[in-house]
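So you know, we letter chains A, B, ... as the sequences are listed, proteins then strands, and number each from 1.
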2 protein chains.
Amino acid sequence: MQKESKRCISREDDVCLCSIEGIIGILSKKWSLLIISAIGNNHKLRYNELEKKLDKISPKTLADRLKELENANIIKRESFAEIPPRVEYSLTKEGADLRKAIMPLMRWVSSRDGKLSS
Amino acid sequence: MQKESKRCISREDDVCLCSIEGIIGILSKKWSLLIISAIGNNHKLRYNELEKKLDKISPKTLADRLKELENANIIKRESFAEIPPRVEYSLTKEGADLRKAIMPLMRWVSSRDGKLSS
DNA sequence: TATTTAACTATAAACTTGATAGTTTAAATA
DNA sequence: TATTTAAACTATCAAGTTTATAGTTAAATA
């Protein structure tokens, strides 16, 4: 009861009982939403395909975010023992659900950014 | 054409043409989504009501995010010449649209965090 | 032996966020 | 009269995150 209200954004409305310590803290990091969208839109992506699509991300940040999202069970990493090595990232079931949940946001963002740049 | 593809997450799918330089960069900062949700869920909130609802945010970060969201035309700031001073934050029309776009995400987040903490 | 390529790792600088104390204003209180 | 009170911040420095850039690893090939 009281434990819950501490981490509530609102008591009247149950839209959000989330704390920054949870998954929202990961999604609020720079690049997370774009990484999830990119992988989702392309079904599978390799590390350097992501690097290109996400124009300007640093390799450290990309590697850190991928690990974090993998640990959170949002994305899956598959590596193939080839030379040069090949690693493919895709969304898990949970990641695909999350992607659906962020699509309205991404649409809103692209329509707004579109308006400005057109 | 080429200008667009540089900042595209995907060319096949128009769900996201957004770059981290735009509004997504602001929304990807820590606390932004929770601030927008909190204000939206409560219609209007004062600075220190936000501070309490957003348990653990620092005053600097809250002040910075509020200014940034105000500049981006997501929230509106109204101050009243009283002692002690009163300032109320609410969503603009654009902010309200954004909030609608974020609701599926917030619901997904709270159902997932809920599972973990129950 | 040197080269090639994907997928990172290492490191130091730049930028963002956090913790804590302090500022401002004027009415209410001691 | 001096002190207290309260909201909405600002100032400052420490801590954490992101960037830029160079380097590592592996094995087939020139």
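A straight line from CD1 of Ile26(B) to C1' of dT16(C) spans 14 Å, rounded to a whole angstrom. One interatomic measurement links the two molecules: CG of Leu54(A) to C1' of dA20(D), which rounds to 17 Å at whole-angstrom precision. In this structure, the OH atom of Tyr89(A) is 8 Å from the C1' atom of dA7(C), given to the nearest Å. When the C1' atom of dA8(D) is taken as reference, atom CG of Leu66(B) falls 11 Å away, rounded to whole Å. Atoms CZ (Phe80(A)) and C1' (dA26(D)) sit 18 Å apart, rounded to a whole Å. At whole-Å resolution of the value, CD in Glu49(A) and P in dA7(C) are 8 Å apart. Taking atom CG on Leu27(B) and atom C1' on dT16(C), their separation rounds to 16 Å, with Å as the unit. Look at CD on Glu51(B): it is 12 Å from C1' on dA19(C), rounded to the nearest Å.
In summary, of the residues considered (Leu33(A), Leu34(A), Leu105(A)), a side chain to side chain contact (heavy atoms under 4.5 Å, CB included) with Cys18(B) occurs for Leu34(A) alone.
Atom CD1 of Ile35(A) sits about 4.5 Å away from atom CD1 of Ile57(A), to the nearest 0.5 Å. Between the CD1 atom in Ile20(B) and the NZ atom in Lys30(A) there is a gap of 6.0 Å [rounded to 0.5 Å].
Heavy atoms only, all atoms of each residue included: Asp97(B) and Trp108(A) are closest at CB-NE1, 3.6 Å. Smallest separation of non-hydrogen atoms from Leu50(B) and Tyr89(B): CD1-CD1, 4.3 Å.
Of the charged side-chain nitrogens involved, none lies within less than 4.0 Å of a carboxylate oxygen, so that Glu21(A) and Lys56(B) do not count as a salt-bridged pair. Salt-bridge check for Glu49(B) with Lys44(B): failed, with every basic side-chain N at 4.0 Å or more from each acidic carboxylate O. A salt bridge does not link Glu88(B) with Lys76(B): none of the charged nitrogens is closer than 4.0 Å to a carboxylate oxygen.
Partner assigned to dA30(D) is dT1(C), using Watson-Crick or G-U wobble distances below 3.5 angstrom.
Look at Lys67(B) and you'll find a side-chain N or O under 4.0 angstrom from OP1 or OP2 of dT10(D). Considering only side-chain N and O atoms, Tyr47(B) lies nowhere under 4.0 angstrom from the phosphate OP1 or OP2 of dT10(D). Taking only side-chain nitrogens and oxygens, Arg46(A) comes nearer than 4.0 Å to OP1 or OP2 of dA7(C).
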Distances for protein N/O vs nucleotides 24-26 of chain C N/O pairs under 3.5 angstrom?
none

Give me the distances for all protein-to-nucleotides 16-19 of chain D N/O pairs that come in under 3.5 Å?
residue, atom, partner, partner atom, Å
dT18(D), OP1, Lys30(A), N, 3.3
dT18(D), OP2, Arg65(A), NH1, 2.7
dT18(D), OP2, Arg65(A), NH2, 3.4
dT19(D), OP1, Lys30(A), NZ, 3.2
dT19(D), OP1, Trp31(A), NE1, 3.2
dT19(D), OP2, Trp31(A), NE1, 3.3
dT19(D), OP2, Thr61(A), OG1, 3.0

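Between Arg99(B) and Ser37(B), the closest side-chain pair of non-hydrogen atoms is not below 4.5 Å. For the pair Glu78(B)/Arg86(B), no side-chain contact is recorded, criterion being any heavy-atom separation below 4.5 Å from C-beta on.
A heavy atom closer than 4.0 Å to some atom of DNA chain D occurs in Arg77(B), these being the qualifying members of residues 68-79 of chain B.
Not a single donor-acceptor pair under 3.5 Å links the side chain of Ser79(A) to the backbone N or O of Val87(A).
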(message) Please determine whether salt bridge (Lys or Arg N to Asp or Glu O under 4.0 Å) holds for the pair Arg65(B) and Glu68(B), giving the CA-CA distance in whole Å, both sets of side-chain angles, and the decisive distance to 0.1 Å.
(response) CA-CA 5 Å; Arg65(B) 279 308 70 72; Glu68(B) 193 166 55; 2.9 Å; yes

